Participant: 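Here it is: the structure, laid out below.
Below, read A as the first sequence line, B as the second, and so on, with proteins coming before strands; counting in each chain starts at 1. Since the structure is predicted, the reported quantities are computational estimates derived from the model, not experimental observations.
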There are 2 protein chains.
Amino acid sequence: MASIKDVAAEAGLSVATVSRALNGHPSVSPAARRRVLAAVEALGYRPNAVARSLRTDQTRTLGLVISDVMNPYFTELARSVEEEARALGYSVIIGNADERPELQDHHVTTLLDRRIDGLLLSPTDGGSPRMLDAARAGTPMVFVDRWIPGVDVPVVRSDGQTAVRDLVAHLYRLGHRRLAIIAGPAATTTGRERVDAFRAALRAHGLELPDAYIGQGDFQADSGRRVTEGFLDLAEPPEVVFAADNLMALGALDALRARGLRVPDDIALAAFDDIPWFVHTDPPVTAIAQPTGALGRAAVRALVDRIEGRPGESVTLPARLVVRRSCGEPAPSPSPVRRSTS
Amino acid sequence: MASIKDVAAEAGLSVATVSRALNGHPSVSPAARRRVLAAVEALGYRPNAVARSLRTDQTRTLGLVISDVMNPYFTELARSVEEEARALGYSVIIGNADERPELQDHHVTTLLDRRIDGLLLSPTDGGSPRMLDAARAGTPMVFVDRWIPGVDVPVVRSDGQTAVRDLVAHLYRLGHRRLAIIAGPAATTTGRERVDAFRAALRAHGLELPDAYIGQGDFQADSGRRVTEGFLDLAEPPEVVFAADNLMALGALDALRARGLRVPDDIALAAFDDIPWFVHTDPPVTAIAQPTGALGRAAVRALVDRIEGRPGESVTLPARLVVRRSCGEPAPSPSPVRRSTS
DNA sequence: CTGAAAGCGCTTACAG
DNA sequence: CTGAAAGCGCTTACAG
């Protein structure tokens, strides 16, 4: 592969001048610039980003470590992150932690070894030493969706409290009194917050959230299945299952279907995180929609701000309830398909 | 950030010895190794992968350019690619082309500039000059899922012919005679092949595939919606719509629902690519399942073979039909949930 | 077993 | 406006 030296030779100039011409440095004569461009063209030269990074100490690359790429919510988040980053002149390398702390650490380490300029993190757990070290060492970092309390890093997330309150009001109005939740891992903020919001909303209606109605999931489908089966085996099963993410809702649907139960007639279902498929499931699933695209973009802007020496602030955007049929509400007539616009 | 020089100073050794100790070179005394490790620990040293790459001329990184991350099929492919790559000691950088040739080229260029060791490609189009150049220049490359004829690069893909034949036989048995397809872009192999396989299977039953029953989609949901509306506006609409991927099937469902049509009573629907949600859609969707995980792993192995100087062969794996209710078949009783095991 | 030195491909003060 | 030279952080023949 042709190097800058080859270009210099071909153009009859020094590598310094070639470098300047290629980087749009002002003090290069039009003639020199022309010869450089011609040589580049002739040789099919492309600058070596590795060498440039070593020299300039910047990679123009962002690392994004997410808990689970297979989760449509995170897929969409990743996509918006990449788009915004590209618009700002950065590439992004995605690390999929698969909800496994060791894998998350592996990716953080790999990314840091590659000297990415900044890190976007949606932690799988309460924060490993590796991550905390990176934060303390001053690596530009931003948390998205999930975060770690007590670490001085901006957080870009959505607030589901109001939406959860709306959901519970909706459920109460439909006559449901025994409401259960499939929670995410307690080590994650979203795992805890969604349970807390749910409990608070229930309390406002004079309802309790007994321990038996809090199932411990891990944000993945299998756990939704398992927890739902546990609920159904209870002497007094809940009337509603609220899954704290869309994959656990998928698992819950699997479990309900395996038992031959009808939703919402036999049991109601709702989910945190809205996805296009929820419009077409049997029945359409009532869900809480996050402004996913906006979150991804805001997170990138905050991170790039940090990288480039500007403040870089935390952002909280509201989530909202999207009512469909899975909790018992009659379908609002064949209205136009509603979809999360994020 | 501490460099190898700092470690050498701390350990009282030369950088050469530190480097050797860190790379497991045999000729390092146990004492020296111990001192290096202690210094590394004390300094929190982590080797700079950028510098190492520049020196060794290898990045231990694979590039993966896929047509659309938001498509669950490609998400799963990307995940299996990353897993297998990690197992073989490689990282992967994903570029999402979003079915846009210019974006695909952008990613290929960026990846090449970063000097990735090899490229995994699922081309959005018939092959841009940039891609062809890379292939000709000897960059280790492998096509996954989609490929470009006439380029000497291994292809890892699945063959859907038998499954499509099974699908058409299934549809024929159910009494359907007017079958339409929402095709992918003609510039892609999967876009063409699926139509060809469908037409051939129809012919085997003495059926035609009129042009009006071939809708031009782009593998994304909106096009599925648009094409389906076109079908429904026909004087003689089809009895079956076969979407060449899962996102266009989603669009088709949207369109059908907007018109208040029932599936399969008013019109049947089938899709290429199976996804977990198809079990829970209304109705469950009959689909052709690819061995996605196996494809991703095989592609990585082929690419790494090429990179490390071994042959690296093409692989073709069969897809298979998964019958559900969207074409009219009565549900095969509440059997255990079937799911693609890939 | 260890170290001094060259070199990977760039960028960028420093001189002219 | 241009070039010679240093240096980013590593690895690896080459000597010893």
Participant: Can you check the B:M1 CE to D:dC8 P distance for me, whole Å?
Facilitator: 16 Å

Participant: Apply the test salt bridge (Lys or Arg N to Asp or Glu O under 4.0 Å) to residues A:E99 and A:R146: give CA-CA distance (whole Å), side-chain angles for both, the deciding distance (0.1 Å), then the verdict.
Facilitator: CA-CA 12 Å; A:E99 302 289 0; A:R146 323 205 305 206; 2.7 Å; yes

Participant: Can you see whether A:T61 engages B:R114 through a side-chain donor-acceptor pair at a distance of less than 3.5 angstrom?
Facilitator: yes

Participant: Does any nucleotide pair with D:dC14 by Watson-Crick or G-U wobble geometry, both distances under 3.5 Å, and what is it?
Facilitator: C:dG3

Participant: Can any side-chain N or O of A:R297 pair as donor or acceptor with the backbone N or O of A:E84 at less than 3.5 Å?
Facilitator: no

Participant: Scan A:E102, A:Q104, A:R100 and name whichever one has a side chain to side chain donor-acceptor pair (under 3.5 Å) with A:T124.
Facilitator: A:Q104

Participant: Let me know, please, whether A:S27 or B:S19 comes out on the 5' side of the other along DNA chain D by nearest nucleotide.
Facilitator: A:S27

Participant: So what does B:D57 touch, heavy atoms closer than 4.0 Å: a base, only the sugar-phosphate, or nothing?
Facilitator: nothing

Participant: Taking only side-chain N and O atoms of A:T17, does any of them lie within less than 4.0 angstrom of OP1 or OP2 on D:dG3?
Facilitator: yes

Participant: When the P atoms of D:dT2 and D:dA6 are considered, how many whole Å apart are they?
Facilitator: 23 Å

Participant: Nearest of D:dG9, C:dC10, C:dT12 to any side-chain atom of A:A16?
Facilitator: C:dT12

Participant: Might you work through the side chain to side chain contact (heavy atoms under 4.5 Å, CB included) test for B:T75 and A:M70, ending with a clear yes or no?
Facilitator: CA-CA 6 Å; B:T75 316; A:M70 294 299 288; 3.9 Å; yes

Participant: When the distance from CG of A:L13 to C1' of D:dC1 is rounded to whole Å, what number comes out?
Facilitator: 11 Å

Participant: Take atom CG of A:L22 and atom P of D:dT2, then tell me their distance rounded to the nearest Å.
Facilitator: 14 Å

Participant: Rounded to the Å, how far apart are B:R60 CZ and D:dC10 P?
Facilitator: 18 Å

Participant: Within this structure, what is the CD-to-P distance between A:Q58 and C:dT12, rounded to whole angstrom?
Facilitator: 9 Å

Participant: Can you check the A:R46 CZ to C:dC10 C1' distance for me, whole Å?
Facilitator: 14 Å

Participant: Are the side chains of A:Q290 and A:D145 in touch, meaning some heavy atoms are under 4.5 Å apart?
Facilitator: yes

Participant: Under 4.0 Å: is that the gap between some side-chain N or O of A:N23 and OP1 or OP2 of C:dT11?
Facilitator: yes

Participant: With no angle test and no hydrogens, is the base of D:dG3 tied to the side chain of A:R20 by a donor-acceptor pair under 3.5 Å?
Facilitator: yes

Participant: Ignoring the backbone of B:I4, work out which of D:dT12, D:dT11, C:dG9 is nearest its side chain.
Facilitator: D:dT11

Participant: Less than 4.0 angstrom between a side-chain N/O of B:S29 and OP1 or OP2 of C:dT2, yes or no?
Facilitator: yes

Participant: Whole angstrom is fine here: how far is it from CZ in A:R55 over to P in C:dA13?
Facilitator: 8 Å

Participant: Just checking A:A49: base, sugar-phosphate only, or nothing, at a heavy-atom cut-off of under 4.0 Å?
Facilitator: nothing

Participant: What contact category does B:S3 fall into here, base, sugar-phosphate, or nothing, at under 4.0 angstrom with non-hydrogen atoms?
Facilitator: sugar-phosphate

Participant: What's the closest nucleotide to the A:L54 side chain, out of D:dT12, D:dC8, D:dG3?
Facilitator: D:dC8

Participant: Mind calculating the distance between NZ (A:K5) and P (D:dG3) to the nearest angstrom?
Facilitator: 16 Å

